[in-house]
Amino acid sequence: MPTRDSFIARRLRPFGSSIFAETTRRALQHGAVNLAQGFPDFDGPDVAKRAAIAAIEAGHAQYARMIGVPHLNAAIAARWEADGKGTIDPEREVTVTSGCSEAIINALVGMLDPGDEVIVFEPFFDFYTAGAAMAGATCRFVALHPPRQPGQDAFWFDPAELEAAFTPRTRALILNTPHNPTGKVFTREELRLIADLCLRHDVVVISDEVYDRLILEPDRPHISIATLEGMRDRTITLNSLGKTFSLTGWKIGWAIAPPPLSAAVRAAHQFMTFSSATPLQHGAAAIIADPGDAPARTAALFRENRDLLAAALTRSGMTVFPSHSTYFLIADHTPLGLGSGADFITHLIERIGVAAICCTAFHHRAHLGEPLIRFAFCKRKDTMHEAIRRLEALKPAR
Ligand code: GLN
């Protein structure tokens with residue numbers, strides 16, 4: 001054996017093993033209901049499945065075109081247009097990737113050089129910081145704080161802290177709206193503030209919008225920052241099939257960006273995966289062209305699940321923060337007095353039989369995440385009922 005303590009590259013060593021793989025493993029080991037890793041426990045729509053099966057049977061077995069099968073690119077562009085976001089060129093401005101995860105890495109690796117800086121709101125989805133590290137870039141963090149004041153009902157950031165994060169080296173800002181893990185939907189005012197700073201500092205926005213169809217409150221509409229005045233030319237908008245259509249395992253995502261930014265995404269994509277699974281792209285095109293009421297039905301289920309879960313967690317004595325979108329909510333475990341965030345998670349998985357994630361995993365400044373626990377509620381009704389039944393045993397320490 002070669003003599004090295006670790007074969008993991010120095011830039012990836014700080015990340016350890018993915019919190020999602022880790023908590024799913026612990027949930028299985030202890031027979032806990034998995035409200036940790038965010039994936040639905042039910043099937044995606046028949047329209048998508050039938051089209052993918054037909055594509056396999058029709059012999060679509062070879063590499064897809066690098067940028068995506070033409071009618072998938074066209075369906076994505078048509079949907080953008082139907083949403084009133086303007087016209088885009090499916091050939092030059094849409095790139096299909098293996099999930100939004102790959103699109104995140106492509107955008108970062110394709111655009112950044114070592115020494116460049118990226119602004120990230122924390123808590124964050126862990127791919128952002130790992131992707132920045134792969135690019136050799138440095139992250140600067142801006143906190144999203146839990147609502148605490150009367151009248152506040154969403155996670156918020158301090159505009160001065162955001163402004164101070166911009167330096168002459170800042171190349172990109174990663175926005176995630178609706179936001180994992182908080183369920184925050186950024187408001188038009190917040191987006192305008194972010195946009196103005198990015199315009200002033202000549203910074204590109206990488207906007208991860210995978211939860212855009214999972215809006216749980218009608219008065220919190222999703223807004224794509226690319227549609228704000230001045231932003232079309234400096235935004236890479238990312239999305240995927242997985243969250244909207246409960247097909248997370250299909251790993252079909254995409255990036256929408258003007259040609260110069262699409263060129264950067266493609267520069268990485270062509271050597272990252274080259275192309276994504278051909279039959280699944282056919283399935284994706286079918287459901288994106290004809291979604292019916294699938295996203296609305298899913299959102300309705302998740303809304304009910306959120307309310308059931310929030311009530312159960314409140315009964316346990318936790319402080320539950322409002323979630324307006326996605327399929328996650330955050331609750332503060334500290335009123336229960338069950339120890340650190342890690343202690344609480346162990347108690348929850350091993351004694352109560354429910355798995356969740358402590359938000360230290362989503363923070364650079366771990367102490368900010370220490371009180372906060374993320375629960376996923378993208379599950380069948382019976383799974384949620386079982387989780388809630390188990391949560392009745394969760395009580396403050398005596
Ligand atoms: N997006 C999902 C979550 O936040 C998990 C993604 C993954 O497992 N890599 O739970």
Side-chain angles (χ1 to χ4, degrees), residues 12 15-28 32-42 44 97-108 120-134 144 155 174-185 206-214 216 238-254 272-273 276 298 302 305-306 309 321 323-331 341 345 348-349 354-364 369 372-379 383-384 387:
L12 289 177
F15 296 94
S17 58
S18 148
I19 188 69
F20 304 112
E22 182 61 20
T23 41
T24 290
R25 185 190 60 72
R26 288 179 75 190
L28 286 169
V33 180
N34 189 354
L35 304 187
Q37 190 178 22
F39 62 89
D41 61 350
F42 50 86
T97 58
S98 297
C100 180
S101 308
E102 190 211 331
I104 293 165
I105 306 292
N106 291 344
L108 293 166
V120 181
F121 289 98
E122 64 178 334
F124 49 76
F125 179 53
D126 61 352
F127 265 67
Y128 305 148
T129 47
M134 287 186 209
L144 291 175
F155 279 68
I174 302 179
L175 176 69
N176 173 212
T177 185
H179 183 258
N180 174 9
T182 64
K184 172 186 175 64
V185 185
I206 300 170
S207 186
D208 173 350
E209 304 182 4
V210 293
Y211 299 98
D212 67 341
R213 305 278 154 179
L214 301 180
L216 308 180
L238 310 180
N239 213 318
S240 79
L241 204 63
K243 312 297 188 284
T244 307
F245 297 109
S246 307
L247 293 167
T248 61
W250 281 34
K251 299 296 291 180
I252 297 290
W254 55 89
M272 203 67 77
T273 56
S276 304
T298 307
F302 292 169
N305 287 353
R306 176 201 60 186
L309 178 64
F321 299 114
S323 163
H324 301 124
S325 181
T326 74
Y327 40 55
F328 304 112
L329 67 76
I330 286 186
I345 292 295
L348 194 66
I349 294 178
V354 173
I357 294 178
C358 176
C359 288
T360 48
F362 306 132
H363 279 85
H364 174 67
L372 308 177
I373 307 296
R374 187 193 82 168
F375 291 85
F377 49 81
C378 45
K379 303 294 172 186
T383 310
M384 291 309 298

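All ligand and atom numbering here is 1-based and tracks the order in the structure.
Among all protein heavy atoms, the one lying closest to atom 9 (N) of ligand 1 is Phe20 CD1, 3.7 Å. At the top of the distance list for atom 1 (N) of ligand 1, counting protein heavy atoms only, stands Phe125 CE1, 3.6 Å.
Listed by number with element, the atoms of ligand 1 under 4.0 Å from a non-hydrogen atom of Gln37 are 7 (C), 8 (O), 10 (O). Counting the atoms of ligand 1 from 1 in the order shown, those under 4.0 Å from a heavy atom of Phe328 are 3 (C), 4 (O), 10 (O).
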### Query
Run the side-chain contact (heavy atoms from CB on, under 4.5 Å) check on Asp126 and Phe20 step by step: do they pass?
CA-CA 10 Å; Asp126 61 352; Phe20 304 112; 3.3 Å; yes
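In this structure, Phe125 and Tyr128 have perpendicular ring planes: the angle between them is above 60°, well past the 30° mark.
If you look at Phe39 next to ligand 1, there are no close heavy atoms at all, none under 4.0 Å. With a 4.0 Å heavy-atom cut-off, ligand 1 is reached by no atom of Thr248.
Tyr211 has its ring centre less than 6.0 Å from the ring centre of Tyr327.
Seen from the ring of Phe302, Lys379 does not count as a face-on cation partner, given the 6.0 Å and 45° thresholds. The cationic group of Arg306 does not satisfy the cation-pi geometry with Phe377, failing either the under 6.0 Å distance to the six-membered ring centre or the 45° limit from the ring axis.
Residue contacts with ligand 1: Gly38 is placed with a nitrogen or oxygen under 3.5 Å of a nitrogen or oxygen of the ligand (distance criterion only).
Side-chain atoms of Asn180 and Thr326 form no donor-acceptor pair, as typed in the model, at a separation below 3.5 Å.
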